[in-house]
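Counting starts at 1 for both ligands and their atoms, following the listed order. The model shown is predicted, which means the values in this text are computed figures rather than measured ones.
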Amino acid sequence: MRVLVTGASGYIGSQTCLELLKAGFEVVGFDNLSNSSEVSITRVRELSGKPLRFEKLDLLDKAGLNRLLKEGFDAVIHFAGLKAVGESVEKPELYRKNNVEGTANLIAAMKEAGCRRLIFSSSCTVYGEVKKSPVDESHPRSAVNPYGGTKLAVEDMCFALARAEQGWHIALLRYFNPVGADASGRIGEDPRGTPNNLMPYVMQTAVGRHAAVRVWGSDYPTPDGTGVRDYIHVVDLALGHLAALNKIDDFAGAEAVNLGAGRGYSVLEVIAAASKAAGKKIPYEICPRRPGDSAAIWADPALAKKKLGWATRRGLEEMCADHWRWQRANPDGYGA
Ligand code: WQD
């Protein structure tokens, strides 16, 4: 099977390219490199020992998309998109243009080329304010920030497309909180600027890039008062995409599936596990809540098990050990 991966040099995109190559798929990737480094692609080639064609290309370049899709692909896995919640609040139009209009351009190019198998990188953010966990795919959706609004808009675009036209097979994979890195320590998360997400900030603190982790709130109605999330190892997440690809023709139209572990860990539990992995106490300070954060959210992973025959296999200890190995070997990520 010949697969096109958008956002291929990113954190989840590069890990997925590696797992696809190891599984024998032919892979072509592109990325606009606005928030990732092409070094990840070089390392995926080294780790897999397989060819991986990569192009610098932007979702807003319609001609470029049409040219590439016309080469003929059996399926597209679509990761490319802006994903910083805070930035989306400041620049909603940039997020709409890039994430929504960009995806519309990709789908138009797929239609033109006769490719109707799409796996889309959606997010648990589409569930908006979650009152009770575990969350299954029937939970109402709402946009609590412009980033989440773009994921919702793309999902609705896919549902409408699949209703209007026969022959589409679309998997909307709703990720929970991706963390960890490939066990080789050669590819991993390399956020630009100061990370908003917990794990990269914790690990950057462990290598001395920050004085202490800021714990956003310790007065939530959770066992230790800090926020609870469903962390999923990025390798398990990549394998979830492989499972969806192998079952993509079972997706009649567009269907959403949660990719999560089905259990939550608190901020303090993550810091403790990361400290153990790093062999040092990672300092933290309790700070006021971050606006927009919910207390607790974790997935009901039953549908993924049933439809994809997939479940996570890596626990928090392995997530932290693998993330630490990457961070320690690459204290400044892929470098400037
Ligand atoms: C996790 C927990 C924070 C940073 C976001 C996106 C979601 C998905 C995953 C893309 C919360 C606490 C965090 C810090 C902290 N991304 N925290 N100190 O907000 O659950 O989800 O990333 O799809 O769409 O919304 O992830 O890592 O930011 O926060 O205490 O420096 O860690 O309050 O409880 P979040 P996160």
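- Here Tyr95 is tied into one hydrophobic group with Leu82, Val85, Leu94, Tyr147, each link being a pair of ILVMFWY side chains closer than 4.5 Å.
- Protein heavy atom nearest atom 2 (C) of ligand 1, with residue, atom name and distance: Tyr231 OH, 3.7 Å.
- Within the 4.5 Å cutoff, side-chain heavy atoms of Leu237 are placed close to those of Tyr175.
- Under the 4.0 Å criterion applied to side-chain N and carboxylate O atoms, Asp230 and Arg263 are not assigned as salt-bridge partners.
- Under the 6.0 Å distance and 45° angle rule, Arg229 does not count as a cation-pi partner of Phe176.
- Look at Glu38 and Lys56 and you find no salt bridge, because none of the NZ, NE, NH1 or NH2 atoms lies under 4.0 Å from a carboxylate O.
- Nearest-residue assignment for atom 7 (C) of ligand 1 (options Thr125, Thr222, Val228; heavy-atom criterion): Thr125.
- In Lys151, neither the side chain nor the backbone holds a heavy atom less than 4.0 Å from any atom of ligand 1.
- Residue pairs satisfying the side-chain hydrogen bond (donor to acceptor under 3.5 Å, both in side chains) criterion with at least one member in residues 243-252, sequence neighbours excluded, are listed as follows: Arg117-Asp249.
- The backbone N or O of Thr205 lies less than 3.5 Å from no partner atom in the side chain of His210, so there is not a single donor-acceptor pair.
- Taking atom 34 (O) of ligand 1 as the reference point, the nearest protein heavy-atom neighbour is Gly227 CA, 3.5 Å.
- Within the cation-pi definition used here (under 6.0 Å to the ring centroid, within 45° of the axis), Arg163 does not qualify as a partner of Phe159.
- Residues Met319 and Ile297 fall into different hydrophobic clusters, defined by Ile, Leu, Val, Met, Phe, Trp and Tyr side chains chained together at heavy-atom separations under 4.5 Å.
- The protein non-hydrogen atom at the shortest distance from atom 12 (C) of ligand 1 is Val267 CG2, 3.7 Å.
- At least one N or O atom of Leu198 sits closer than 3.5 Å to an N or O atom of ligand 1.
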Salt bridge (charged side-chain N to carboxylate O under 4.0 Å, His left out) assessment of Lys50 paired with Glu26: CA-CA 9 Å; Lys50 300 278 181 66; Glu26 185 189 347; over 6 Å; no
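- Atom 29 (O) of ligand 1 has as its closest protein heavy atom Arg290 NH2, 3.4 Å.
- Considering only non-hydrogen atoms, atom 14 (C) of ligand 1 lies nearest to Trp216 out of Tyr201, Trp216, Tyr220.
- Nearest protein neighbour of atom 20 (O) of ligand 1, counting heavy atoms only, is Arg229 NE, 2.7 Å.
- Among Asn197, Ile232, Val213, the residue whose heavy atom lies nearest to atom 5 (C) of ligand 1 is Asn197.
- Nearest non-hydrogen protein atom to atom 35 (P) of ligand 1 is Asn177 ND2, 3.5 Å.
- Counting only non-hydrogen atoms, the option in Val126, Val179, Asn196 that gets closest to atom 4 (C) of ligand 1 is Asn196.
- Residue contacts with ligand 1 do not include Lys83, since none of its heavy atoms lies under 4.0 Å from the ligand.
- When only non-hydrogen protein atoms are considered, atom 18 (N) of ligand 1 lies nearest to Arg214 O, 2.7 Å.
- Atom 23 (O) of ligand 1 has its nearest heavy-atom neighbour, among Tyr127, Tyr147, Tyr175, Tyr265, in Tyr147.
- Protein heavy atom in closest approach to atom 33 (O) of ligand 1: Asp293 OD2, 2.6 Å.
- Below 4.0 Å from some heavy atom of Val215 lie the following atoms of ligand 1, by number and element: 30 (O).
- Tyr201 has its ring centre no less than 6.0 Å from the ring centre of Trp216.
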